[in-house]
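To start, the structure itself, in structure tokens.
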Amino acid sequence: MALDRPRALSGIQPTAGSFHLGNYLGAIRQYVALQETHDAFYTVVDLHAITVPQDPAELRANSRLAAAQLLASGLDPDRCTLFIQSHVPEHAQLGWVMNCLTGFGEASRMTQFKDKSAKQGADRATVGLFTYPILQVADILLYQANHVPVGEDQRQHIELTRDLADRFNGRFGETFTVPAPYIVKETGKIYDLQDPTIKMSKSASTPKGIVNLLDEPKVSAKKIKSAVTDLETEIRFDEEKKPGISNLLTIYSTLTGTAIPELERRYEGKGYGALKTELSEILVEWVTPFRERTQEYLADPGTLDKILAKGAEKARAVAAETLALAYDKVGFLPAKP
Ligand code: TRP
């Protein structure tokens, strides 16, 4: 892999089951594009997943499911490194070093922890959930990533990564690349179809508001057709006054690569029904092969596991080198003198 390319790393939770349209248009599409410009690493973060209780059989199935969907989306194991986080023990090992560099107060200020632990009841939240962001720091620093493609909600974790990289480098000498966040703006946010003022998310609204990519295409088409809009008739992008129509235009535009002003022109004088019908057809056309490809990977777990084993091997080559350097800087004796 070309060394002159910047490195990118991102982590994907294996807990979602089916990806939804918001995941795909917000993040995954970008992972696919970054294969062309970056030396890209993508990891299914099963170590992070167990910071909240997981059923073992379900976790295993969801890790394969996440990997299968990433491959079906267009991640190419020859052009990027796709692996399962627990297959690369260096993540936990560097995570420990980073734990020892993080202030207790600093970790306490992480808002995602505060939100998640509040949901669970503060005394039931695990120490693992508390140190979750620090493991994420290790994920990123192990690969000397320049860019970390993530959603806006991860900005604070990237800031922590930068702080800890600087702190380690300052204390022990230049070791880690200080990464930059890489947040997609325009297509970053797809909204709920039933409540277009909130982000499309598994936990957010009724199932009718979310397009799951592995659902029967007919079901997804129906959800588009019954998306909440407004009482006007004009098809115009206006996120404030017309959040529902604007969301449909964003989805249409990102799926087809057609600019929104062009769509506004094309639908001038036509009703919401026409937009919804055509968008639902486009969605069905796109989602059908996605489902087929995912099912092919799942039907052949042997091949899938081989792809992941190869990914882990490639990842480990990089991670082991960084870990050895960090261990040495910290003052650990060499294991193999
Ligand atoms: N915390 C990220 C999320 O919830 C997942 C993640 C884990 C991650 N490790 C990462 C993202 C490293 C980017 C880089 O989406």
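One-based numbering, in listed order, for ligands and for the atoms of each.
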Name each N or O atom in ligand 1 that is under 3.5 Å from a protein N or O, and give the partner atom and the distance.
unit_1   : atom_1 : unit_2 : atom_2 : d
ligand 1 : 1 (N)  : Tyr132 : OH     : 2.7
ligand 1 : 1 (N)  : Gln136 : OE1    : 3.0
ligand 1 : 1 (N)  : Gln154 : OE1    : 3.0
ligand 1 : 4 (O)  : Tyr132 : OH     : 3.2
ligand 1 : 4 (O)  : Gln154 : NE2    : 3.4
ligand 1 : 9 (N)  : Asp139 : OD2    : 2.7

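There is a path of hydrophobic side-chain contacts, each under 4.5 Å, that joins Leu308 to Leu65.
Between Asp46 and Ser86, the side chains place a donor N or O and an acceptor N or O closer than 3.5 Å (distance only, hydrogens not considered). Checking Tyr272 against Thr233 by side-chain atom types alone, no donor-acceptor pair falls below 3.5 Å.
Taking the six-membered ring where the residue is Trp, Phe168 and Phe172 present tilted rings, their angle falling between 30° and 60°.
Distance check, rounded to the nearest 0.5 Å: NZ of Lys223 to OG1 of Thr206 gives 8.0 Å.
With sequence neighbours excluded, the residues that form a side-chain contact (heavy atoms from CB on, under 4.5 Å) with Glu216 are Val219, Arg291.
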